Amino acid sequence: MNAKDEKQMLDILGAFEKRGFKGAIIFDVPATHFVRVNLMLLRGLSQERGLPGIFISVDRPHQYMVHLLSMHQIKAEHLIFIDAISRFSADFKVANANVGFVDGPFRIDRLPMAMNEWIKGCNGQSLNLGNGGFAIIDNLSALLTYNSFNSVQTFLQNFIQTLHSSGNMIVPLMMDSEKSGLLYETARSMCEVEIRFKDILSDELPEIGQNKLEINCAKG
Amino acid sequence: MTERKLEERQKRDGLVRLQTGIPGLDEMIEGGFPFPSVVLLSGSAGTGKTTFCLKYLCEGAKKGEQGLFFTTLSEPTQWMLRYASQFDFINKDYFGDQIRYMDLGNMMREMDANQLLVAMEEKIAEVMPQRIVIDPITVVGGMLKGDYRLFLFDLFNRLKNWNATTLVTGEVNPGELYPAEVSYAVDGIILVMLSEEAGARRKYLEVLKMRGTNHQTGKQSIDITRSEGIVVLKARF
């Protein structure tokens, strides 16, 4: 993470706190920058704010994010991974993390159940969500590779509902509005807040300092 | 919206692509290389492979993306950059910041396949690049202790899981199309070649394979210019 990433991470945290954002928040991010923004969010929410969290890997095995966290010295003791893709990846990369596996990205109907098990401590290590927490999916658009649009839409509703009923959770949903337009619009309608990263990440624009997080009210 | 219409809309949304910046090439491959993927650029000496790679990384840097250039045993970074600086498209400010490099030459002399993989992943995790170049990959096979094919499988699989589009170059002898052992593991193959015609050597480019892409086939004339690097000539007319 460079200085620009850190500044953006602090901007996001500032916006969360100042405006009291909770629940589902949609992030419009270029698809090529998902990893970077995920790392920024984990650094901010997990390390800086000490919140417990769930990281759901759909696009690539969880080991890659674990490696990144370690390389960038981001502490994430209270982070639990749910991995839905490792068993299909033919990848033997090793990582040390609290992780639960689901059968595969085709069974997204089981994901809210798997999350509930972790939240309620069925796996021996429960998440204490008393002071809030967060859940991140890496990434929502990847689900469309394995599931119909309607299944993903239903999953998204259940996912947000499960987390809403579990406490005061922050649920960042990261997508590229240009690449996943329909899903983006659907998810946007379920979110209270929209944060657009499009302009901030581009160096073609004028001074970075002049750019601001564009925060919109998503619903309605 | 009906299921059919939804599917149509999803298909239109399509794959994420990275523009190569090579004039004329992106039009041949539906806008750019799929992201993430591994693409082999194969050609004999003097066909412009390294110039292609540098343009690809500079194009990314221009868009705010991070690039990582792994050199193996072709030429030291010092000399590569000295010659590359003659191109107008090279912005020296990118190098060392938005485009980072790592020389694998010395490591390859000492490490086994797994150690080399670990070293490369450490650098990727540090830099978090969207664009990676390995120039050239073919010399690795001759020097590596261990199973080369297994190494390529693991390496290419991991490069994609790091969420990057990687361009690997393959050196071939004149008349040879591509290194077979590399070609099986990649998502795309682009050939750059020389052909002697009427006493002159002309350069051509051909997209042989590009997964998930309705690409143009056939050889296209190319030129290497000081201002733009490699240019696909057909696209100009």
Side-chain angles (χ1 to χ4, degrees), chain A residues 1-2 4-5 30-40 57 59-72 85-86 89-94 138-139 141 144-145 147-150 152-153 175-186 198-205 208, chain B residues 1-19 31-36 59-67 91 93-94 97-98 100 114 117-118 121-131 150 153-165 185 212:
Chain A
M1 281 181 71
N2 56 29
K4 183 175 156 187
D5 295 336
T32 50
H33 287 78
F34 283 171
V35 176
R36 186 170 289 273
V37 177
N38 269 332
L39 195 67
M40 283 162 54
S57 300
D59 199 18
R60 60 200 188 126
H62 74 281
Q63 293 94 320
Y64 291 84
M65 187 48 78
V66 176
H67 191 156
L68 273 182
L69 291 170
S70 154
M71 169 58 75
H72 293 268
I85 195 70
S86 274
S89 69
D91 195 327
F92 300 97
K93 192 172 166 63
V94 178
D138 177 29
N139 66 68
S141 309
L144 288 174
T145 309
N147 302 276
S148 72
F149 185 87
N150 287 337
V152 176
Q153 189 177 22
M175 261 187 282
D176 184 337
S177 63
E178 282 177 22
K179 293 293 170 191
S180 310
L182 183 59
L183 186 61
Y184 186 88
E185 287 162 27
T186 306
K198 292 278 178 191
D199 301 338
I200 295 175
L201 289 167
S202 171
D203 275 354
E204 285 182 338
L205 288 164
I208 292 163
Chain B
M1 206 180 285
T2 65
E3 191 73 18
R4 187 188 171 86
K5 279 185 180 170
L6 284 173
E7 279 171 18
E8 281 170 8
R9 172 82 190 265
Q10 271 176 252
K11 279 178 187 160
R12 276 207 307 277
D13 286 344
L15 283 174
V16 176
R17 291 183 186 275
L18 298 188
Q19 290 178 342
F33 294 150
F35 176 85
E59 183 67 14
K62 203 168 80 181
K63 296 176 187 305
E65 294 166 8
Q66 192 71 45
N91 181 341
D93 292 341
Y94 292 152
D97 180 19
Q98 273 184 276
R100 308 269 295 273
N114 195 45
L117 202 56
V118 169
E121 284 200 278
E122 289 298 301
K123 195 67 182 175
I124 294 168
E126 178 198 330
V127 175
M128 292 195 290
Q130 284 87 11
R131 298 182 186 224
L150 188 61
F153 176 81
D154 285 341
L155 174 66
F156 293 169
N157 194 16
R158 291 190 187 189
L159 287 169
K160 284 190 277 188
N161 276 328
W162 278 112
N163 259 17
T165 292

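Sequence lines set the chain letters: A, B, ... in the order given, protein chains first and strands last, and positions in each chain run from 1. Model, not experiment: these values are computed from the prediction.
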Query - Exam field: side chain B:Thr165 to backbone B:Gln130, donor-acceptor pair closer than 3.5 Å - result: no

Query raised in the report: Has the side chain of A:Ser70 got a donor or acceptor atom that lies under 3.5 Å from a matching backbone atom of A:Val66?
Result: no

Report summary line: Bottom line for B:Leu18: the part with an atom under 4.5 Å from chain A's heavy atoms is side chain

Report task. Answer with side chain, backbone, both or neither: which region of B:Val118 has an atom nearer than 4.5 Å to a non-hydrogen atom of chain A? Result -> neither

Query raised in the report: So, B:Lys62 versus B:Gln98: side-chain donor-acceptor pair below 3.5 Å or not?
Result: no

**Report entry** SB check B:Glu59 B:Arg131 (cutoff 4.0 Å)
**Finding:** no

Requested in this report: Would you mind checking which part of A:Leu39 comes under 4.5 Å of any heavy atom in chain B, side chain (CB onward), backbone (N, CA, C, O), both or neither?
Outcome: side chain

Report task. Using a cut-off of under 4.5 Å on heavy-atom pairs, state which of B:Trp162, B:Phe35, B:Phe153 scores highest against chain A. Result -> B:Trp162

**Report entry** Residue among B:Lys160, B:Gln66, B:Arg158, B:Glu121 with most heavy-atom pairs under 4.5 Å to chain A
**Finding:** B:Arg158

Report task. Taking the side chain as every heavy atom from C-beta outward, state whether A:Tyr64 and A:Asp91 have any atom pair closer than 4.5 Å. Result -> yes

